[in-house]
Amino acid sequence: IDESLAAYAEALTYVPADPDVLNNYAVALRTAGRPGDAIPALEAALARAPDEPSFHMNLAIAHRTLEHWALAVPHYEAWMAVTPTPTDAGPLYDLAYCYEQLDRPADAVRIYNLFLGMVRTSDPDAAERATERLEGLSH
């Protein structure tokens, strides 16, 4: 990770506004356990490519990691808006969890159900976790 961080930092000296380099640098920062440091790079990447789903996703993950639920949600929602048929169900679970933390149970239920529809047969353990969350919301 340290080598990746150094390489991306060097690349940014040559192409400081390249959104892909900014995004990759931010992912490396987040992987290194520095999600707060990743946020400015992701915001800069999004300023240059506002419809890129992976940039929204990575910014949402950075905010969620820091438990910034209200800041994560709009980026998960933006990811959903530009990814109408996601192939990765993980962000749906994360979004539903963020809704839970923000006391938005109806939204959490809706998204957990989408998640369940994607993983019910392919990942029974994930389906069970989502089912448990749904049961907790119904009490």
Side-chain angles (χ1 to χ4, degrees):
I1 293 298
D2 291 337
E3 290 176 17
S4 294
L5 286 170
Y8 287 125
E10 182 179 348
L12 286 169
T13 65
Y14 297 103
V15 288
D18 184 286
D20 291 317
V21 175
L22 287 162
N23 178 65
N24 293 340
Y25 178 58
V27 170
L29 286 167
R30 194 184 75 225
T31 303
R34 298 168 50 194
D37 293 336
I39 290 171
L42 289 163
E43 289 172 341
L46 269 171
R48 287 157 182 82
D51 293 329
E52 174 52 48
S54 64
F55 299 172
H56 283 287
M57 167 83 65
N58 288 326
L59 186 52
I61 292 168
H63 281 302
R64 179 188 45 80
T65 301
L66 294 167
E67 299 183 358
H68 298 164
W69 317 118
L71 296 173
V73 164
H75 292 289
Y76 281 120
E77 291 172 341
W79 167 79
M80 284 184 66
V82 295
T83 312
T85 310
T87 56
D88 180 8
L92 295 174
Y93 186 94
D94 294 344
L95 173 58
Y97 186 80
C98 289
Y99 282 143
E100 269 192 86
Q101 302 313 303
L102 294 170
D103 197 27
R104 294 173 57 181
D107 290 322
V109 166
R110 177 176 54 85
I111 300 300
Y112 279 132
N113 281 319
L114 285 174
F115 175 82
L116 274 172
M118 290 181 71
V119 302
R120 186 168 276 124
T121 57
S122 64
D123 190 344
D125 291 337
E128 183 177 334
R129 282 192 309 274
T131 300
E132 290 171 2
R133 305 268 356 143
L134 283 166
E135 289 171 358
L137 287 166
S138 68
H139 290 86

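Atom set for the values below is all heavy atoms of this structure, side chains included, hydrogens, waters and symmetry mates excluded.
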Hydrophobic clusters here meaning ILVMFWY residues chained together by side-chain heavy-atom distances under 4.5 Å, can you tell me if [X] and [Y] are in one?
X     : Y     : value
Leu59 : Trp69 : no
Val82 : Met57 : no
Leu5  : Leu42 : no
Leu95 : Leu71 : no

Would you give the length of the straight line joining atom [atom1] of [X] to atom [atom2] of [Y], rounded to the nearest 0.5 angstrom?
X      : Y     : atom1 : atom2 : value
Trp79  : Asn58 : CH2   : CG    : 11.5 Å
Leu46  : Asp51 : CG    : CG    : 9.5 Å
Ile61  : Arg30 : CD1   : CZ    : 4.5 Å
Asn24  : Ser54 : CG    : OG    : 8.5 Å
Thr65  : His68 : OG1   : NE2   : 10.0 Å
Arg133 : Tyr99 : CZ    : OH    : 15.5 Å

Might you point out which heavy atoms bring [X] and [Y] nearest each other, and give the distance in Å?
X      : Y      : value
Ala45  : Pro19  : CB-O, 3.5 Å
Ala28  : Ile1   : O-CG2, 3.8 Å
Ala11  : Val21  : CB-CG1, 3.9 Å
Phe115 : Ala126 : CE2-O, 3.5 Å
Thr121 : Pro124 : O-CD, 4.3 Å
His75  : Ala60  : CB-CB, 3.7 Å

Dump the intermediate steps for side-chain contact (heavy atoms from CB on, under 4.5 Å) on Met80 and Leu114, then the final yes or no. CA-CA 12 Å; Met80 284 184 66; Leu114 285 174; 4.1 Å; yes
Checking Leu134 against Asn113 for the side-chain contact (heavy atoms from CB on, under 4.5 Å) test, could you report, in this order, the C-alpha distance in whole Å, the side-chain angles of both residues, the deciding distance, and whether it holds? CA-CA 8 Å; Leu134 283 166; Asn113 281 319; 3.6 Å; yes
Sole candidate of Asn23, Leu22, Val27, Leu29 that passes side chain to side chain contact (heavy atoms under 4.5 Å, CB included) when paired with Tyr25: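 The residue from Asn23, Leu22, Val27, Leu29 that satisfies side chain to side chain contact (heavy atoms under 4.5 Å, CB included) with Tyr25 turns out to be Leu29.
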Is there side-chain contact between Arg48 and Asp18, with heavy atoms separated by less than 4.5 Å? no
Determine whether Leu116 and Tyr93 make a side-chain contact, defined as any pair of heavy atoms from C-beta on separated by less than 4.5 Å.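 No. Closest side-chain heavy atoms not under 4.5 Å.
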Test item: His63 side-chain N/O and Pro35 main-chain N/O as donor-acceptor pair under 3.5 Å: no
Verdict with supporting geometry, Ile39 and Leu66, side-chain contact (heavy atoms from CB on, under 4.5 Å): CA-CA 10 Å; Ile39 290 171; Leu66 294 167; 3.7 Å; yes
Can you find a side-chain donor-acceptor pair between Tyr76 and Arg64 that sits under 3.5 Å? yes
